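Here's the structure, in structure tokens; my notes come after.
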Amino acid sequence: MPDRSRPVSPSRLLIRNALTLTLLASLPSAADALPLLPDPTALLQPVPAVSLKRDSAAPTLLIVTDARQTSAAVARRYGVPAEAVDLLPAREPGVRVRRIKLNSEQVAAAPVRPTSVIDHTVRPGESLDLIARRFRLTLVELLSANLERESLDDLRAGETVRIPTAETGVLVRIKPGQTALSLIAGYGADLQATAQANGVLPTELGVGDELLLPGILAQNFHEQLVERRENEEKAEADARILAQYTRFTQWKKDRERARLEEKYANQAKYEAYLAWKTSPERQRQIAAYQRQVQFEAAQAARRTREREAQQQAATERAAATTTAASSNVGRDVPGNRVTAGGGLAWPMRSYRLTSRYAERDIPFHQQVFHGGIDLAAPTGTPIYAASGGSVTQSGYGDYGLNVFTASGNSTLVYGHMSRTAVSAGQTVSRGQLLGYVGCSGICTGPHLHFEIRLGGQTVDPLALLP
């Protein structure tokens with residue numbers, strides 16, 4: 001801003017008076033140039049009537065500058081070669097009057113820009129804040145010269161950013177329907193300071209030219225961009241939260257769908273099991289099992305009768321031998337000594353029969369054929385071998401912790417033990433301790449599952465036990 005307390009020089013006074021009086025003329029040659037009017041009031045005199053006609057000669061432009069402006073600078077400003085600028089004589093000291101010959105193609109000359117505003121090509125990694133600090137500007141001052149920006153963060157390498165190197169202010173482009181004077185008045189800028197900052201009379205600027213309004217900063221524009229950045233950051237945060245929530249809800253849906261699929265699969269298995277339970281095939285299997293049980297029971301009863309007959313015969317022979325021995329007193333006659341024969345013994349001393357062979361007393365026995373008898377007793381009650389044989393299994397198996405003994409084609413099973421007292425491969429005799437009552441495996445209470453298999457088929461133990 002000029003110091004208004006100092007006296008105004010004649011050259012400054014002339015520029016101030018010429019702000020509203022620009023001499024534009026189309027002159028065919030230098031000989032026809034009109035002299036500069038010494039008194040602007042002469043322009044107020046009535047002018048004679050004139051007739052307008054198209055001039056086919058190259059258009060020219062007459063401008064007034066101070067002595068500091070060179071012809072080369074004027075030529076660069078208007079985009080013409082240096083020889084197209086002629087210096088005309090002027091009556092006022094310190095004033096230069098130049099005539100510019102414009103080419104017919106250059107009637108719409110390149111947009112005029114203040115010489116103090118330069119272009120900066122954005123480098124990789126640069127931001128508006130970094131560029132402002134590099135050129136010792138505030139972000140608001142940099143934005144005031146780049147009003148076309150839509151964001152504070154959309155800067156890309158290779159872009160061009162305008163940098164004010166002297167006066168700072170709003171750099172605007174004159175649009176159709178606007179003039180430099182209307183923009184100066186609209187923004188409330190100082191007319192003389194604007195003319196000095198742009199290095200040209202505002203009235204010389206036209207549509208498309210750029211006008212620097214010193215002292216006017218786009219503070220509201222900066223606030224709008226800051227608010228837009230905050231809104232974008234908030235929108236990004238909301239989008240991240242929405243994406244997380246969407247993923248969570250999708251995870252819940254997938255989990256619920258997997259749960260329902262598992263439920264429906266289990267339901268289908270259960271329905272298939274129910275259909276199998278009531279199927280004719282299973283009924284035929286049950287009938288076959290029952291016939292097998294009846295057959296095996298009959299066989300066991302026949303063997304029992306035969307054994308009893310053998311025992312009766314042995315008893316009779318023993319009685320006969322005793323009678324014969326009594327008649328041979330004093331003689332050492334070897335006799336036929338007979339001992340009690342084999343057979344089964346109960347595997348426990350104290351028990352309570354809770355489930356018989358093939359009985360369907362509990363849901364498990366309704367689903368799986370019960371091939372033995374259950375003898376209930378407190379946990380830890382000793383279990384003894386019902387018959388001699390070899391231990392084939394001792395440990396966890398079909399009936400929890402169990403022991404299997406084999407003798408000939410028969411196998412005895414002792415199930416649901418709490419602890420075993422023998423090991424596989426060991427030979428045991430009838431009445432030998434095998435283990436203790438428990439409730440291992442599928443069990444409803446402490447008991448012994450005792451099972452007899454003949455030739456691999458289960459039979460009713462009650463038909464063989466004494």
Side-chain angles (χ1 to χ4, degrees), residues 9-38 40 54-121 145 160-167 169 171-174 179-181 191-214:
S9 62
S11 61
R12 290 178 178 270
L13 181 61
L14 182 58
I15 292 176
R16 180 181 301 175
N17 293 334
L19 288 175
T20 56
L21 302 173
T22 302
L23 302 178
L24 297 174
S26 297
L27 302 178
S29 64
D32 298 331
L34 298 176
L36 186 64
L37 295 175
R54 183 179 299 276
D55 189 358
S56 60
T60 60
L61 179 66
L62 196 65
I63 65 171
V64 179
T65 65
D66 57 12
R68 294 177 298 178
Q69 292 288 334
T70 63
S71 296
V74 173
R76 287 194 302 272
R77 179 184 302 170
Y78 288 92
V80 297
E83 56 269 17
V85 180
D86 296 329
L87 181 63
L88 303 180
R91 298 180 182 180
E92 295 292 336
V95 175
R96 297 291 185 267
V97 179
R98 290 182 174 85
R99 182 175 56 207
I100 304 174
K101 296 178 181 179
L102 301 175
N103 297 328
S104 57
E105 297 84 1
Q106 292 179 329
V107 173
V112 176
R113 175 187 291 180
T115 57
S116 62
V117 178
I118 63 175
D119 287 336
H120 170 72
T121 302
T160 299
V161 177
R162 292 183 290 276
I163 307 295
T165 59
E167 293 283 348
L171 183 66
V172 295
R173 186 180 299 275
I174 302 175
T179 64
L181 295 178
L191 185 62
Q192 183 177 356
T194 302
Q196 292 177 352
N198 289 271
V200 64
L201 293 175
T203 51
E204 296 179 8
L205 300 177
V207 174
D209 294 336
E210 294 181 354
L211 176 67
L212 180 65
L213 302 175

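Quick caveat: nothing in here was measured; it's all calculated off a predicted structure.
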Between Ala166 and Ser116 the two heavy atoms that sit nearest each other are CB-CB, 3.8 Å

Which pair of heavy atoms, one from Pro111 and one from Gly208, lies closest together, and at what distance? CB-O, 3.1 Å

Looking at Leu211, Asp119, Ile118, which hits side-chain contact (heavy atoms from CB on, under 4.5 Å) with Arg113? Asp119

Starting at CG of Leu88, measure out to CZ of Arg98 and round the result to the nearest 0.5 Å. 9.5 Å

Please check this pair: side chain of Thr194 against backbone of Leu213, looking for a donor-acceptor N/O pair closer than 3.5 Å. no

How long is the gap from NE2 on His120 to OG1 on Thr165, to the nearest 0.5 Å? 13.5 Å

For a quick test of reading the model, state the closest non-hydrogen atom pair linking Pro164 to Glu167 and the distance between them. CB-O, 3.5 Å

If you take all heavy atoms of Pro202 and Leu181, which pair is closest and at what distance? CB-CD2, 4.3 Å

Looking at every non-hydrogen atom in both residues, tell me the closest pair between Leu205 and Ile174 and how far apart they are. CB-CD1, 3.7 Å

CD-CG distance between Glu210 and Leu171, expressed to the nearest 0.5 angstrom: 4.5 Å

Identify which one of Ile63, Val80, Thr70 satisfies the side-chain contact (heavy atoms from CB on, under 4.5 Å) criterion when paired with Val85. Val80

Looking at Leu212, is its backbone amide N or carbonyl O close enough to the side chain of Asn198 to form a donor-acceptor pair, meaning the two atoms are under 3.5 Å apart? yes

Going by the rule salt bridge (Lys or Arg N to Asp or Glu O under 4.0 Å), which residues pair with Arg162 if we only count those two or more places apart in sequence or in a different chain? Glu148

